[in-house]
Amino acid sequence: MRETNQTQVTEFFLLGLSDNPHTQHLLFVLFLVVYLVTVLGNLLLMSLVQVDSLLHILMYFFLCNLSLADLCFSTNIVPQALVHLLSRKKVISFTRCAAQLLLFFIFGSAQCALLAVMSYDRYVAICNPLHYPSIMTWRMCGQLAAGSWTSGILVSGVDTTFTFRLPYRGSNRVAHFFCEAPALLILASTNTRISEMVIFLMGVVILLIPVSLILVSYDHIVVTVVRMKSDEGRHKAFSTCGSHLMLVILFYGSAIVTYMTPKFSKEQEKLVSVFYTIVTSMLNPLIYSLRNKDVKGALRKVATRNLPCRLGVFHGQ
């Protein structure tokens with residue numbers, strides 16, 4: 001856009017997913033259910049890992065980090081979206097918008113890195129089981145988790161800086177349901193080419209490189225699984241890998257479409273962003289953890305341990 005002499009924008013008006021009241025009410029119910037499942041699923045997983053000593057292994061250490069990132073990622077976006085779906089004035093201040101974008105990139109980028117780290121962990125466990133204890137030590141895993149969060153902070157700092165260093169004058173109507181960089185850059189009152197290029201390069205670092213590592217890891221895993229003599233082991237491994245890859249494709253695919261491909265219509269971009277901002281945070285604990293027999297066993301133990309106590313309370317009354 002060209003430079004204008006209008007005053008600096010102090011707040012943004014979020015247009016949301018729809019301006020139809022009936023559709024907004026339906027979306028409110030849908031988003032509320034998804035958010036509650038997200039919160040309960042991720043909190044349940046983190047709690048089970050804490051209380052059950054059998055889950056004190058490296059795989060669940062990474063899953064706890066992913067659950068924390070999922071929970072924070074979703075909480076940064078969904079509660080505000082729920083409020084806006086029921087209100088006429090869908091306004092967010094300039095400062096809150098910048099904070100939301102900063103947190104969005106931190107937790108989203110951490111998710112990307114953690115998913116890549118988890119695929120490497122599974123690759124070592126399945127393809128090099130004898131060397132797994134010497135390669136994936138607790139110190140190494142701590143460094144990998146710390147590196148994932150650090151990469152999220154660095155990418156977020158760069159992307160947020162190059163988004164909000166631009167002047168925003170004139171229109172403040174954001175064609176989105178939260179503050180996302182592509183939707184904001186459209187409103188900038190100056191040339192956005194450098195900012196778009198920087199965000200694209202950060203996308204290569206935090207999207208294309210991790211998803212490439214994941215695909216290479218799963219390629220080696222599949223080759224190893226095919227060579228297994230046990231039909232039951234092959235079926236179980238393929239079932240697990242298939243569900244993991246489906247989630248990876250959903251998360252990375254929708255994010256890559258938004259940040260690294262020619263732009264679609266505004267409506268299509270908003271719908272695509274729903275998948276990686278809301279849906280995958282709900283699916284991660286369900287697919288990666290709660291389908292796992294160890295987690296199911298821990299859940300049963302907690303339930304059977306607490307049920308007699310509750311029955312005793314009722315009998316006492």
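All values derive from a computational prediction rather than experimental measurement.
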- Task: Apply side chain to side chain contact (heavy atoms under 4.5 Å, CB included) to the pair Thr163 and Ile199, showing each step before the final yes or no.
- Result: CA-CA 9 Å; Thr163 300; Ile199 292 174; 3.6 Å; yes
- Thr75 and Tyr35: side-chain donor and acceptor closer than 3.5 Å?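 Judged by distance alone, the side chains do pair up.
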- Any side-chain donor-acceptor pair under 3.5 Å between Tyr259 and Glu180?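 The criterion, which ignores hydrogens and geometry beyond distance, is satisfied for Glu180 and Tyr259.
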Can [Y] be reached from [X] by stepping across I, L, V, M, F, W or Y side chains whose heavy atoms are under 4.5 Å apart?
X	Y	value
Met140	Tyr120	yes
Trp138	Tyr132	yes
Leu43	Leu114	yes
Ile206	Ile153	yes
Val272	Leu15	no

What distance separates [X] [atom1] from [Y] [atom2], expressed to the nearest 0.5 Å?
X	Y	atom1	atom2	value
Leu208	Phe200	CG	CZ	7.0 Å
Leu30	His25	CG	NE2	14.5 Å
Ser67	Met46	OG	CE	5.5 Å
Leu154	Phe105	CG	CZ	14.0 Å
Ile186	His176	CD1	NE2	9.5 Å
His84	Phe13	NE2	CZ	9.0 Å

Do [X] and [Y] make a side-chain contact, defined as non-hydrogen atoms from C-beta onward lying under 4.5 Å apart?
X	Y	result
Val205	Leu201	no
Arg122	Ile221	yes
Trp149	Asn65	yes
Tyr252	Thr280	no
Arg169	Leu187	no
Val274	Leu17	yes
Leu32	Phe28	yes
Phe62	Ser148	no

- Would you sort out whether Val49 and Leu63 count as a side chain to side chain contact (heavy atoms under 4.5 Å, CB included), showing the intermediate values? CA-CA 9 Å; Val49 173; Leu63 283 170; over 6 Å; no
Donor-acceptor contact below 3.5 Å, side chain [X] vs main chain [Y]:
X	Y	answer
Gln24	Ser18	yes
Gln100	Cys179	yes
Ser195	Thr192	no
Ser281	Ile278	no
Ser109	Ile106	no
Ser74	Asp70	no
Ser273	Lys270	yes
Ser156	Leu102	yes
Thr137	Pro133	no
Asn172	Val9	no

- Query: Is the gap between the ring centers of Phe104 and Phe178 under 6.0 Å?
  - Reply: yes
- Item | Ring centers of Tyr123, Tyr218 separated by less than 6.0 Å |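 Ring centroids of Tyr123 and Tyr218 are no less than 6.0 Å from each other.
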Counting only heavy atoms not in [X], do more than 12 sit closer than 6.0 Å to its [atom1] atom?
X	atom1	value
Arg173	CZ	no
Asp19	CG	no
Phe275	CZ	no
Ile194	CD1	no
His22	NE2	no

- Query: Please walk me through it: do Leu144 and Phe61 pass side chain to side chain contact (heavy atoms under 4.5 Å, CB included)?
  - Reply: CA-CA 11 Å; Leu144 288 172; Phe61 168 71; over 6 Å; no
- For Cys112, enumerate each residue passing the disulfide (SG to SG under 2.5 Å) test, keeping only those at least two apart in sequence or located in another chain.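 Scan of Cys112 (disulfide (SG to SG under 2.5 Å), adjacent residues dropped) gives none.
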- Message: side chain to side chain contact (heavy atoms under 4.5 Å, CB included), that's the test. Do Gln111 and Phe73 meet it? Break it down for me.
- Response: CA-CA 9 Å; Gln111 282 178 309; Phe73 188 65; 3.4 Å; yes
- Item | Partner of Leu44 under side chain to side chain contact (heavy atoms under 4.5 Å, CB included), chosen from Leu40, Leu48, Asn42 |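 When Leu40, Leu48, Asn42 are each tested with Leu44, the side chain to side chain contact (heavy atoms under 4.5 Å, CB included) holds only for Leu48.
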- Item | Residue of the set Ile77, Leu14, Leu85 for which side chain to side chain contact (heavy atoms under 4.5 Å, CB included) holds with Phe177 | Ile77
